[in-house]
Amino acid sequence: MKFQAPKGTRDFYPAEMARRSYILDAWRRVSQRNGFEQVDGPIFESLDLYKVKSGDGIVSELFHFEDRGGRELALRPEFTPTLARMVAAQANALPKPIKWFSTPNLCRAERPQRGRLREFSQWNVDILGLDDSVTDAECIFTAVDLMSELGLTPKHVRVKISHRQTVRNILAKLGVTDADMPAAFNLLDRMDRLPREEVLTEASRIGLDELAVRMFQEFGKDKYPCDQDGVIAAIRSKLVLDRGDPSVVDFETLGTELETFGIADWCEYDLSIVRGLAYYTGTVFEIHEASGAERAMAGGGRYDGLIKMFGGPATPAVGFGMGDVVLMNVLADKGLLPDSEKVSPRPDVFVIEVTGYTTKSLKIVSSLRKQGVHARFSYKTTRNLGKQLKEAAACCARYALIVDERIIEQDVAGLKNLSTGEQSDVSVKEEHMDDLAARLGHREP
RNA sequence: GUGAGCGUAGCUCAGUUGGUUAGAGCACCGCGUUGUGGUCGCGGGGGUCGGGGGUUCGAAUCCCCUCGCUCACCCCA
């Protein structure tokens, strides 16, 4: 019997794990400097939790099972329901605004393809309890901060921003009824990928006449930079909305905030961004690879109604999720995913023993380790110095400590800097191990 | 769920119209030079040719099924 990892899952051998940690560490570092606190929940939840938000249709898309008590459970396909449940349960006790992040593993019973697996990690960042658009901007800033942290630039990726309410109002002006609104959003989402005639057919089905279809297509395909005066006005004139329309004011304010945060050059308005049909109420955004080659790297927006849906008090909220799969694809394509050696823990010292005093050298190893030094040694039987130096170099050790017969008479050993090749003698007397550990433990930037 | 293209060693691949015990490079492990680095030499482990069935005297090679991978569609929280 030969076993292999289940379809759509990954094994992380040390080299892959080092790269994965590189991403997860960046997520945590960026979250924390933006003022977010880490949370987590169970990896499985009651199946109903997901039905509440997404309807019964979601069940076929997730891994679900029954426990021995007949309870219906599901592996989490997303984190937001858990977050909503947690916030709803203690809404009154939590200081506002709530700024939380998490990096859960999620499972979806989908067919794997490029950028999409059955198990993946996702970075979730949310701000709850404030409806100020500065929090929308702060979420986008945090996402951009991460991109920047990993070496990406506005040339590599674009933040595409839309506004649910603005789009809804435009569609209403064009003649779409409330009943047809979901279909209209769905069409808007797919418009880029559909042939023109099909767009026309579907548009007429939801009550859009010839002129309306043209306008519909027009605003769906145009992209506007966020950093120029008057763009909002340009959009507004095209989009037949009144100057005082609250959603436009809101949208406009966000643009100003993005400029204030200094990230307007990463962003553009793109009203074809829809984000499914779910629970978004205001700002929505996605981050894409600039050429549009990959699927979305991140997506999010404002969801002011969700906490109430989960039994909590009405709580405004904004947030986004970013998966590791597309992110790593994009980084790899741009040559920005470091080699595993560059992001793997590097030994401070490799203790080499050439004369047979194994006990002495092992004592040095354990003494250094007790003081926090990353120390390794060879398990080979050979005493050959060249071979052991090669092994030390292969694991990228900073120093080699060469223990020879002088350990007996003088308590000294050779310390060789493996990047410069310089070598000098150091004392390995018991009372001097502190000094040696301090010297070896000092990490160059 | 639908469709297409791929499955030979850990990795990249060779393997003639079906023909003896299925190969190479890299990687891994060991040994060698009585003491200074990714060399070099020698040796070693590792493959039921994804799995099952069929055709045939004979299948890595031809046919069917199945599993997996990759890509696209559906969907995308």
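Chain letters run A, B, ... following the sequence lines, proteins first and then strands; every chain starts at 1.
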Can you check the distance between B/rA27 and B/rC69, where both ends of the measurement are the P atom (answer in whole Å)? 29 Å
Residues passing the salt bridge (Lys or Arg N to Asp or Glu O under 4.0 Å) test with A/D40, sequence neighbours excluded, are A/R76
Output, in order, the C-alpha distance, side-chain angles, deciding distance and verdict of side chain to side chain donor-acceptor pair (under 3.5 Å) for A/T82 and A/E45. CA-CA 8 Å; A/T82 299; A/E45 290 270 12; 2.8 Å; yes
Please lay out, stage by stage, how A/Q388 and A/K380 fare under the test side chain to side chain contact (heavy atoms under 4.5 Å, CB included). CA-CA 8 Å; A/Q388 295 189 77; A/K380 293 186 204 297; over 6 Å; no
A/F261, A/F320, A/W266 screened by ring pair (Phe, Tyr, Trp, His ring centres under 6.0 Å) with A/F141, the one that passes: A/F261
Determine the interatomic distance between P on B/rC49 and the same-named atom on B/rG5; round to the nearest Å. 24 Å
For A/D189 and B/rC74, what is the distance between atoms CG and C1' respectively, to the nearest whole Å? 13 Å
Quick one: on RNA chain B, does A/E110 or A/A393 contact a more 5' nucleotide (nearest heavy atom)? A/A393
Atom CD of A/Q122 and atom C1' of B/rC76 are separated, to the nearest Å, by 12 Å
B/rA9 and B/rG25: how far apart are their C1' atoms, nearest whole angstrom? 12 Å
Choosing from B/rG37, B/rC75, B/rG38, which nucleotide comes nearest the side chain of A/A394? B/rG38
Report the C-alpha distance between A/V30 and A/T142 in whole Å, list the side-chain angles of each, state the deciding distance to 0.1 Å, and finish with yes or no for side chain to side chain contact (heavy atoms under 4.5 Å, CB included). CA-CA 7 Å; A/V30 168; A/T142 303; 4.1 Å; yes
For a quick check, tell me whether the side chain of A/R116 and the base of B/rC75 share a donor-acceptor pair closer than 3.5 Å. yes
Over how many whole Å does the gap from A/E61 atom CD to B/rC74 atom P extend? 13 Å
Considering every strand and a 4.0 Å limit on heavy-atom distances, what is the contact class for A/G421: base, sugar-phosphate, or nothing? base
Using a cut-off of 4.0 Å on non-hydrogen atoms, how would the nucleic acid contact of A/L418 be classed: base, sugar-phosphate, or nothing? base
Separation between the C1' atoms of B/rG58 and B/rU17, rounded to whole Å: 16 Å
Heavy atoms under 4.0 Å, any strand shown: does A/G323 hit a base, just sugar-phosphate, or nothing? nothing
Where does RNA chain B pair, written as one dot-bracket string 5' to 3', with Watson-Crick or G-U pairs under 3.5 Å, ( ) inside the strand, [ ] for crossing pairs and | for another strand? (((((((..((((.....[...)))).(((((.......))))).....(((((..]....))))))))))))....
Any side-chain heavy atom of A/L83 sitting closer than 4.5 Å to one from A/D126? yes
Integer angstrom distance from the P of B/rG51 to that of B/rC42: 34 Å
Counting only side-chain N and O atoms of A/Q113, is one of them less than 4.0 Å from OP1 or OP2 of B/rA72? yes
Does A/R111 contact B/rU2 through a side-chain donor or acceptor facing the base, at a distance under 3.5 Å? yes
Think A/R275 has a side-chain N or O under 4.0 angstrom from the OP1 or OP2 of B/rA77? yes
Take atom CG of A/D11 and atom P of B/rC69, then tell me their distance rounded to the nearest Å. 11 Å
Quantified in whole Å, what is the P atom distance between nucleotide B/rU12 and nucleotide B/rG19? 26 Å
Review item, side-chain donor-acceptor pairs of residues 111-118 of chain A, under 3.5 Å, at least two apart:
from: A/Q113; atom 1: OE1; to: A/R295; atom 2: NH2; distance (Å): 3.2
from: A/R114; atom 1: NE; to: A/E294; atom 2: OE1; distance (Å): 3.2
from: A/R114; atom 1: NE; to: A/E294; atom 2: OE2; distance (Å): 3.3
from: A/R114; atom 1: NH2; to: A/E294; atom 2: OE2; distance (Å): 2.8
from: A/R114; atom 1: NH2; to: A/D333; atom 2: OD2; distance (Å): 3.4
from: A/R116; atom 1: NH1; to: A/E110; atom 2: OE2; distance (Å): 3.4
from: A/R118; atom 1: NE; to: A/E110; atom 2: O; distance (Å): 2.7

With respect to A/K160, which candidate in A/E289, A/E268, A/E286 satisfies the salt bridge (Lys or Arg N to Asp or Glu O under 4.0 Å) definition? A/E268
Exceeds 12 heavy-atom contacts within 6.0 angstrom, atom NZ of A/K342: no
Between B/rA77 atom P and A/M297 atom CE, what is the distance in whole Å? 16 Å
Can you list every ring pair (Phe, Tyr, Trp, His ring centres under 6.0 Å) pair that touches residues 7-26 of chain A, not counting sequence neighbours? none
Please determine, for the side chain of A/Y280, which listed nucleotide (B/rC71, B/rA77, B/rG37) has the closest atom? B/rA77
With rounding to the closest Å, how many angstrom separate the P atoms on B/rU70 and B/rC13? 15 Å
Rounded to the nearest Å, what distance is computed from the CG atom of residue A/L389 to the P atom of nucleotide B/rG38? 9 Å
Start with the C-alpha distance between A/E119 and A/L75, add both sets of side-chain angles, then the distance that settles side chain to side chain contact (heavy atoms under 4.5 Å, CB included), and finish with yes or no. CA-CA 10 Å; A/E119 188 195 13; A/L75 296 182; over 6 Å; no
Is it the case that B/rA77 (base atoms only) and A/R108 (side chain only) share a donor and an acceptor within less than 3.5 Å, ignoring hydrogens and angles? yes
Expressed in whole Å, how much space separates the P atoms belonging to B/rU8 and B/rC62? 15 Å
Base, sugar-phosphate, or nothing for A/N417, non-hydrogen atoms under 4.0 angstrom? base
Tell me: NE2 of A/H288 to P of B/rC76, nearest whole Å? 14 Å
Tabulate atom names and distances for all N/O pairs under 3.5 angstrom spanning the protein and nucleotides 31-35 of chain B.
from: B/rC31; atom 1: OP1; to: A/T381; atom 2: OG1; distance (Å): 2.6
from: B/rG32; atom 1: O6; to: A/K387; atom 2: NZ; distance (Å): 2.9
from: B/rG35; atom 1: O6; to: A/E405; atom 2: OE1; distance (Å): 2.5
from: B/rG35; atom 1: O6; to: A/E405; atom 2: OE2; distance (Å): 2.7
from: B/rG35; atom 1: N1; to: A/D404; atom 2: OD2; distance (Å): 3.3

If I take atom CZ in residue A/R118 and atom C1' in nucleotide B/rU70, what distance separates them, rounded to the nearest angstrom? 15 Å
Return yes if the base of B/rC76 and the side-chain atoms of A/R295 contain a donor-acceptor N/O pair under 3.5 Å, otherwise no. yes
Among the candidates B/rU36, B/rC73, B/rA77, find the nucleotide nearest to the side-chain atoms of A/I58. B/rA77
Residues pairing under salt bridge (charged side-chain N to carboxylate O under 4.0 Å, His left out) where one sits in residues 133-144 of chain A, two or more places apart or in two chains, turn out to be A/K99-A/E138, A/D136-A/R302
Proximity to the side chain of A/Y279 - top-ranked nucleotide from B/rG37, B/rC69, B/rA77: B/rA77
